[in-house]
Amino acid sequence: MSTTADLVLLLKKELKAVHMTYADLAAKLGMAESSVKRMLAKGDMPLSRIDAICRALKLDFAELARRVADAQPLLAELTQAQEKAVVADKKLLLTAICVLSQWTLEQITGSYRLSQAEGVKYLVQLDHIGIIELKPQNRYRLKLAKTFRWRPHGPVMDYFRDNALLDYFSGGFDGGGEGLLLVHGSISRSLAPSFLERMQRVAQDFAQQHQADQKLAEKDREGYTLLLAMRSWEFEAFAALRR
């Protein structure tokens, strides 16, 4: 949720933009100029007063709140507690994965055994957790950055390691647009970060293409899961043979 301080900060910017002085505002509010200065300096006032200032500026309160919400920094990672809440319910985790792909409520309930009421309930929970901002008519805005990732050792990745990793790699990777590459080699330690950076760029390209292709008809899109990994590792069975 947007804080009162954020709303007040934006109001002060609006006052400056329209060249309205504190004296001008005080006259419109029927207050002393000193009281207006003190109120705006504290950055804390009731919503009724914020609404009055909006009217003085001929600014819609809902539009102001939307602009404040849009200015909030997007999350690159959830907290441990947020992830724990997501994996506590399998259907909630499913809904979270779907909203990451920008699915509508109709797409989610049409593809999975979720009722309309369940779908709405899970969207509300994701709003409370902080993953989305739920809007009228069950539309939503993702509050996650394009660089978002699950915590490497967090509840969600632990869940997928325990429940989905073998299922993922059991596929043949021989369908259209599929592939599995396993490359091993020894390289300079100083170059390893540059390879990781390239992998991150590929992941970002994939995420950006996903966003761009949402305008296509559903029949022209296919769901893919891209998994990129790189680590200093030796197969346990091989390590056991080392002298």
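This chain uses plain numbering: 1 for the first residue, then up along the sequence. All figures in this text were calculated on a predicted structure; none of them were measured in a lab.
Other residues, nucleotides and ligands contribute more than 12 heavy atoms inside 6.0 Å of the CZ atom of Arg201. More than 12 non-hydrogen atoms from other residues, nucleotides or ligands lie less than 6.0 angstrom from CD of Glu234.
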Exercise for the section: Please lay out, stage by stage, how Val87 and Trp150 fare under the test side chain to side chain contact (heavy atoms under 4.5 Å, CB included). Expected result: CA-CA 12 Å; Val87 299; Trp150 300 112; over 6 Å; no
Handout entry: Worked check of side chain to side chain donor-acceptor pair (under 3.5 Å) between Asp205 and Gln209
Key = CA-CA 6 Å; Asp205 287 346; Gln209 192 63 51; over 6 Å; no
Practice task
Could you go through the side chain to side chain contact (heavy atoms under 4.5 Å, CB included) check for Tyr122 and Leu94 one step at a time?
Solution key: CA-CA 9 Å; Tyr122 291 125; Leu94 168 64; over 6 Å; no
Exercise for the section: For Lys28 and Arg55, run side chain to side chain contact (heavy atoms under 4.5 Å, CB included): C-alpha distance rounded to whole Å, both residues' side-chain angles, the deciding distance at 0.1 Å, then the answer. Expected result: CA-CA 9 Å; Lys28 289 180 177 291; Arg55 289 197 300 272; over 6 Å; no
Exercise for the section: Test side chain to side chain contact (heavy atoms under 4.5 Å, CB included) on Ser35 and Leu29 and set out the steps. Expected result: CA-CA 11 Å; Ser35 298; Leu29 296 178; over 6 Å; no
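A 4.5 Å side-chain heavy-atom check between Leu74 and Leu144 finds every atom pair outside the cut-off. By the 4.5 Å heavy-atom criterion applied to side chains, Leu40 and Leu15 are counted as neighbours. At a threshold of 4.5 Å between non-hydrogen side-chain atoms, the residues Gln214 and Arg221 count as touching. Considering only heavy atoms from C-beta on, Ile97 stays 4.5 Å or farther from Trp103 through its side chain. Residues Gln107 and Cys98 have side chains not in contact (no heavy-atom distance under 4.5 Å, counting atoms from C-beta outward). Using a 4.5 Å heavy-atom threshold, the side chains of Ile132 and Arg141 count as separate. Counting only heavy atoms from C-beta outward, the side chains of Met157 and Pro152 never approach each other to under 4.5 Å. Residues Tyr22 and Lys12 have side chains in contact (heavy-atom distance under 4.5 Å, counting atoms from C-beta outward).
Applying the side-chain contact (heavy atoms from CB on, under 4.5 Å) test between Val120 and each of Leu134, Leu105, Thr109 identifies Leu105 as the sole match.
The hydrophobic cluster containing Tyr159 does not contain Leu165, counting ILVMFWY residues as joined when their side-chain heavy atoms lie under 4.5 angstrom apart, directly or transitively. Leu166 and Leu227 are not part of a single hydrophobic cluster, where members link through side-chain heavy atoms under 4.5 Å apart. When hydrophobic clusters are built by joining Ile, Leu, Val, Met, Phe, Trp and Tyr residues whose side-chain heavy atoms come closer than 4.5 Å, directly or via intermediates, Leu9 is not grouped with Leu57. Cluster annotation: Val202 is connected to Ile187 through the hydrophobic network of ILVMFWY side chains, with a link wherever side-chain heavy atoms come within less than 4.5 Å. Hydrophobic clustering (side-chain heavy atoms under 4.5 Å, transitive across Ile, Leu, Val, Met, Phe, Trp, Tyr) keeps Phe160 apart from Phe206.
A distance of 7.0 Å separates CG in Leu92 from CD1 in Ile131, rounded to the nearest 0.5 Å. To the nearest 0.5 angstrom, Met39 atom CE is 4.0 Å from Ile53 atom CD1. Residue Lys37 holds its NZ atom at 13.0 Å from CE of Met31, rounded to the nearest 0.5 Å. Once rounded to the nearest 0.5 Å, the distance linking OH of Tyr140 with OG1 of Thr104 reads 7.5 Å. Rounding to the nearest 0.5 angstrom, the gap separating the CE atom in Met45 from the CZ atom in Arg38 is 12.0 Å. Rounded to the nearest 0.5 angstrom, Ile108 CD1 and Leu114 CG are separated by 7.5 Å.
No donor-acceptor pair under 3.5 Å is formed between the side chain of His153 and the backbone N or O of Asp158. Distance alone, capped at 3.5 Å, is enough to place a donor-acceptor pair between the Lys215 side chain and the Ala212 backbone. Side chain of Asp127 to backbone of Leu123: no donor-acceptor contact under 3.5 angstrom is found. Asp213 places no side-chain N or O within 3.5 Å of a backbone atom of Leu216 that could act as its donor or acceptor partner. Under a 3.5 Å cut-off, the side chain of Glu118 and the backbone N or O of Ser115 do form a donor-acceptor pair. For Glu178 (side chain) and Gly175 (main-chain N/O), a donor-acceptor pair under 3.5 Å exists by modelled atom type.
In this structure, Phe173 and Tyr168 have perpendicular ring planes: the angle between them is above 60°, well past the 30° mark. Taking the six-membered ring where tryptophan is involved, the planes of Phe235 and Phe238 are perpendicular, since the angle between them exceeds 60° and thus also 30°.
Scanning all heavy atoms of the two residues, the minimum distance from Met199 to Leu228 falls at O-CD1, 3.2 Å. Heavy-atom minimum distance, Ala96 versus Val86: CB-CG1, 4.1 Å. What you find for Gln116 and Asn138 is that their closest heavy atoms are NE2-ND2, 4.0 Å. Gly130 and Leu75 get closest at one heavy-atom pair: O-CD1, 3.8 Å. Of all heavy-atom pairs between Glu133 and Lys143, the closest is N-CD, 3.7 Å. Looking at every heavy atom in both residues, Ser194 comes nearest to Leu191 through OG-O, 2.6 Å.
A side-chain donor-acceptor contact under 3.5 Å links Thr79 and Gln82. In this structure, a donor-acceptor pair under 3.5 Å is absent between the side chains of Ser48 and Asp51.
Checked for salt-bridge contact, Arg151 and Glu77 meet the test: a charged N lies under 4.0 Å from a carboxylate O.
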